[in-house]
Amino acid sequence: MSDAMGLCLADIYAGYRSRQILKGVTIPEIHPGQILALTGPNAAGKSTLLKAIAGFLPVRGKITLGTTDIAALKPHQRAGKISYMPQSLPKGVRLNVFESVMSALRVANKYATLNNRASLETQAAAIIEKLNLGSIALSNIDTLSGGQRQMTALAQALVGSPSVLLLDEPTSALDLRHQDEFMRTIRHVAASGTIVIVVLHELAMAAKIADRVAVLDKGRIVVEGAPQTAFRPAILADVWGIEADVSINLRGALHIDVLGPARNQEKFQ
């Protein structure tokens, strides 16, 4: 599934028209099987970075996957290596879950014909079984719950077994139970050798799920490393403007207790 080496970002600049958002972002090699969480305040550049990696924005700098220069690939070649899952599926899609996965497979298999329809159906069934979506396989997408819709979107993103999976705030509209179920599934996806990069606002979730965390602010990387490194009290104060106690609980998990605004921080209006 994955290239021999990981994903590297070097001196990345990207933005929208005349507005520069990312300003020299560099992230050391993300290895197959690792989850990198992108965190930071609003407008820090998290989603922009994800779209730059996906190829949705013009980029200056270098993005490499193993020995492959990602920017030099044609769109369909890039899509075969990197898959992007948006925050939510569009409304009004008149397809059931199985049909939607089949549709994604046809796009991934650009030269698919009627002769290999049976093969695509087998692949779609395998993905649906892997994500435990069999009970809703014939349900229309617009009738699904938020958690079911996100799992369906994940099934679409996993067609073609991408080396890199990009997730933009995938749990923002989910309740706690479905957030936990979704992120456990992502952990299993990563364990198969996929590089996962996920944008998260929930710091506790990022600390729990991620092997590494990159904190962005104003289009730059403030810190990148293990959650214990990224979520130090000084970083939380400087970037988010909060005073917090950071500790390791009895299960070895990072715990962040927000106490209030950091000193010398203006009150949020």
With a 4.5 Å limit on heavy-atom distance, are the side chains of [X] and [Y] in contact?
X: Ile30; Y: Arg212; result: yes
X: Ser163; Y: Leu65; result: yes
X: Asp245; Y: Val258; result: no
X: Val25; Y: Leu49; result: yes
X: Ser83; Y: Leu158; result: no
X: Thr152; Y: Arg149; result: no
X: Thr48; Y: Tyr16; result: yes
X: Leu36; Y: Val196; result: no

Quick one: do [X] and [Y] end up in the same hydrophobic cluster if we chain Ile, Leu, Val, Met, Phe, Trp and Tyr together by side-chain heavy atoms under 4.5 Å apart?
X: Leu131; Y: Ile35; answer: yes
X: Leu254; Y: Leu176; answer: no
X: Leu57; Y: Tyr13; answer: no
X: Ile141; Y: Leu138; answer: no
X: Ile242; Y: Val215; answer: yes

Smallest separation among heavy atoms of [X] and [Y], with atom names:
X: Pro162; Y: Ala157; answer: CG-O, 3.7 Å
X: Thr185; Y: Met151; answer: OG1-CE, 3.7 Å
X: Ala206; Y: Leu200; answer: CA-CD1, 3.8 Å
X: Met85; Y: Ala153; answer: CE-CB, 3.8 Å
X: Glu99; Y: Leu95; answer: OE1-CA, 3.5 Å
X: Leu203; Y: Phe231; answer: O-CE1, 3.7 Å

When rounded to the nearest 0.5 angstrom, what distance separates [atom1] in [X] from [atom2] in [Y]?
X: Ile235; Y: Trp240; atom1: CD1; atom2: CH2; answer: 8.5 Å
X: Leu22; Y: Arg60; atom1: CG; atom2: CZ; answer: 11.0 Å
X: Leu7; Y: Ile27; atom1: CG; atom2: CD1; answer: 8.5 Å
X: Leu166; Y: Ile53; atom1: CG; atom2: CD1; answer: 5.5 Å
X: Arg177; Y: Leu174; atom1: CZ; atom2: CG; answer: 11.5 Å
X: Thr39; Y: Met205; atom1: OG1; atom2: CE; answer: 13.0 Å

**Request:** Using a strict cut-off of less than 4.0 Å between a Lys/Arg side-chain nitrogen and an Asp/Glu carboxylate oxygen, indicate whether Asp168 and Lys51 qualify as a salt bridge.
**Result:**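 Salt bridge flag = no for Lys51 with Asp168.
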**Pair Lys208 + Asp180: basic N to acidic O under 4.0 Å** =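 Judged by the 4.0 Å cut-off on N to carboxylate O distance, Lys208 and Asp180 do form a salt bridge.
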**Prompt:** Given Leu38 and Leu50, is the side chain to side chain contact (heavy atoms under 4.5 Å, CB included) satisfied, shown in steps?
**Reply:** CA-CA 9 Å; Leu38 301 179; Leu50 218 61; 4.1 Å; yes
**Residues in side-chain contact (heavy atoms from CB on, under 4.5 Å) contact with Gln148, at least two apart in sequence or another chain** =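 Gln148: side-chain contact (heavy atoms from CB on, under 4.5 Å) contacts with Ile136, Leu144, Ser145.
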**Request:** Taking side-chain contact (heavy atoms from CB on, under 4.5 Å) as the test, write out the residues that go with Arg220, two or more places apart.
**Result:**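 Counting only residues at least two positions away or on another chain, Arg220 forms a side-chain contact (heavy atoms from CB on, under 4.5 Å) with Lys23.
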**Message:** I need the single residue from Glu121, Gln156, Gln123 that forms a side chain to side chain contact (heavy atoms under 4.5 Å, CB included) with Met102. Which is it?
**Reply:**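 Filter result, single survivor: Glu121.
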**Message:** Does Gln228 have more than 12 heavy atoms from other residues, nucleotides or ligands lying within 6.0 Å of its CD?
**Reply:**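 Yes, enclosed.
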**Request:** Decide yes or no on side chain to side chain contact (heavy atoms under 4.5 Å, CB included) for Thr64 and Cys8, but give the supporting numbers first.
**Result:** CA-CA 5 Å; Thr64 55; Cys8 297; 3.6 Å; yes
**Message:** Going by ring-ring contact (aromatic ring centres under 6.0 Å, His included), name the residues that satisfy it together with Phe56, two or more places apart in sequence or in a different chain.
**Reply:**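 Only Tyr84 meet the ring-ring contact (aromatic ring centres under 6.0 Å, His included) criterion with Phe56.
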Whether [X] side chain and [Y] backbone form a donor-acceptor pair below 3.5 Å:
X: Gln87; Y: Glu169; answer: no
X: Thr194; Y: Val164; answer: no
X: Lys46; Y: Asp217; answer: no

**Request:** Take Val213 and Val223 through the test side chain to side chain contact (heavy atoms under 4.5 Å, CB included) and record every step on the way to the result.
**Result:** CA-CA 8 Å; Val213 174; Val223 63; over 6 Å; no
**Request:** With salt bridge (charged side-chain N to carboxylate O under 4.0 Å, His left out) as the test, would you mind laying out the steps for Asp142 and Arg94 before giving the verdict?
**Result:** CA-CA 7 Å; Asp142 276 353; Arg94 296 184 179 181; over 6 Å; no
**Prompt:** Which is it for Ile12 and Thr26 under the side chain to side chain contact (heavy atoms under 4.5 Å, CB included) test, yes or no, and what are the steps along the way?
**Reply:** CA-CA 6 Å; Ile12 300 299; Thr26 294; over 6 Å; no
